[in-house]
Amino acid sequence: MKVAIYPGSFDPVTSGHLNIIRRAAKIFDRLIVCVMVNAGKKPMFTQEERVELIRRVTEDIPNVEVDCSDELLAEYAKRKGSCVIVKGLRAGSDFENEFQMAMINRKINPELDTMFLTAEHQYMYMSSSTVKELGHYGVELSDFLPEEIIPDFQERIK
Ligand code: ADP
């Protein structure tokens with residue numbers, strides 16, 4: 001059974017993330033979406049809230065599981081019996097950082113590979129932080145966020 005991990009902050013999960021989740025779920029037998037702690041970012045939603053939002057938008061995908069962790073990703077993957085990390089690659093700016101992380105993860109766990117899925121063109125320039133910024137200005141968000149979580153997002157942005 002091929003198990004892959006899709007890690008991120010998902011603060012909150014966007015349509016770009018969901019696109020990667022759907023595509024990766026078709027490739028692997030089981031996909032674990034894992035909300036990781038990022039000490040450098042002050043989140044809008046707690047880790048538990050982010051897990052709940054992802055569960056809500058992935059309910060219809062049977063082989064997707066949602067979890068959270070504050071472990072080192074390479075160790076988390078080993079514990080879950082996974083040897084593949086899935087990442088979404090947007091514009092070139094993601095590459096440098098992702099490449100470095102993939103190398104570090106392989107150094108810590110040599111069994112671990114990182115696979116990149118290129119972002120769908122309409123999500124290429126979208127990040128959770130852009131969505132939050134647009135939200136502050138009252139921009140209509142249905143192109144950016146899954147419908148089911150827009151009310152939660154709007155409530156929080158107030
Ligand atoms: P963000 O940069 O939006 O805060 P995360 O840290 O939660 O995103 O990212 C988790 C993963 O999802 C990363 O691999 C990131 O490159 C990818 N990702 C984020 N936004 C998109 C998008 N719009 N399309 C494809 N992949 C994305």
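Whatever order the structure lists them in is the order used to number ligands and atoms, beginning at 1. Computation of the quantities below employed the complete heavy-atom set of this structure, encompassing side-chain atoms and omitting hydrogens, waters and symmetry-equivalent molecules.
Shortest contact from atom 18 (N) of ligand 1 to any protein heavy atom: His17 CD2, 3.8 Å. For atom 6 (O) of ligand 1, the nearest protein heavy atom (residue, atom name, distance) is Ser9 OG, 3.3 Å. Closest to atom 4 (O) of ligand 1 among all protein heavy atoms lies Lys41 NZ, 3.4 Å. Summary of contacts: the protein heavy atom closest to atom 17 (C) of ligand 1 is Tyr6 OH, 3.6 Å.
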Stepwise salt bridge (Lys or Arg N to Asp or Glu O under 4.0 Å) check, Glu155 with Lys158: CA-CA 6 Å; Glu155 187 53 39; Lys158 280 188 204 157; 3.3 Å; yes
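Under a 4.0 angstrom heavy-atom cut-off, Tyr125 registers as lying outside contact with ligand 1. The closest approach between Ser15 and ligand 1 stays at or above 4.0 Å for every heavy atom of the residue.
Put simply, the side chain of Arg30 never gets that close to the backbone of Met1: no donor and acceptor are under 3.5 Å apart. Without hydrogens or angle criteria, Asp29 side chain to Lys2 main chain gives a donor-acceptor distance under 3.5 Å. Proximity of a side-chain donor or acceptor of Glu147 to a complementary backbone N or O of Ser142 within less than 3.5 Å is not detected. Arg50 places no side-chain N or O within donor-acceptor distance of the main-chain N or O of Val13, the cut-off being under 3.5 Å.
By the 4.5 Å heavy-atom criterion applied to side chains, Ile61 and Arg22 are counted as neighbours.
Of all atoms in ligand 1, listed by their number and element, those nearer than 4.0 Å to a heavy atom of Gly8 are 7 (O), 10 (C). If you number the atoms of ligand 1 from 1 as listed, the ones under 4.0 Å from a heavy atom of Phe10 come out as 7 (O). Distances below 4.0 Å separate heavy atoms of Gly16 from the following atoms of ligand 1: 22 (C), 23 (N), 24 (N), 25 (C). Here is the list of ligand 1 atoms found below 4.0 Å of a heavy atom in Pro7: 10 (C), 11 (C). Listed by number with element, the atoms of ligand 1 under 4.0 angstrom from any heavy atom of Ala119 are 24 (N), 25 (C). If you number the atoms of ligand 1 from 1 as listed, the ones under 4.0 Å from a heavy atom of Tyr123 come out as 22 (C), 23 (N), 24 (N). For ligand 1, the atoms lying closer than 4.0 Å to a non-hydrogen atom of Met126 are 20 (N), 21 (C), 22 (C), 23 (N).
Ligand 1 has no N or O atom lying under 3.5 Å from any N or O atom of Ser127, backbone or side chain. Taking only nitrogen or oxygen atoms, main chain and side chain alike, Arg90 reaches within less than 3.5 Å of ligand 1.
Proximity of Ser129 to ligand 1, defined as any heavy-atom pair under 4.0 Å, is not found for any part of the residue. Only the side chain of Glu98 comes within 4.0 Å of ligand 1, counting heavy atoms alone; its backbone N, CA, C and O stay farther away. Counting heavy atoms under 4.0 Å from ligand 1, residue Asp94 touches it through the side chain alone. Of all the heavy atoms of Glu120, none lies under 4.0 Å from any atom of ligand 1, so neither backbone nor side chain is involved.
Surrounding NZ of Lys78 are at most 12 heavy atoms belonging to other residues, nucleotides or ligands under 6.0 Å away. Other residues, nucleotides and ligands contribute over 12 non-hydrogen atoms within 6.0 Å of the CD atom of Glu148.
Judged as a salt bridge (charged side-chain N to carboxylate O under 4.0 Å, His left out), the pairs with a partner in residues 128-141 (not counting sequence neighbours) are, in order, Asp11-Lys132.
Note on Val51: it clusters hydrophobically with Val57, by side-chain heavy-atom contacts below 4.5 Å among ILVMFWY residues. Residue Val131 is grouped with residue Phe10 when hydrophobic side chains (ILVMFWY) are merged at heavy-atom distances under 4.5 angstrom, including chains of intermediate members. Cluster membership for Met36 and Met44, using ILVMFWY side-chain heavy atoms within less than 4.5 angstrom, is not shared.
Within the set Pro43, Ser128, Gly88, the minimum heavy-atom distance to atom 26 (N) of ligand 1 is found for Gly88.
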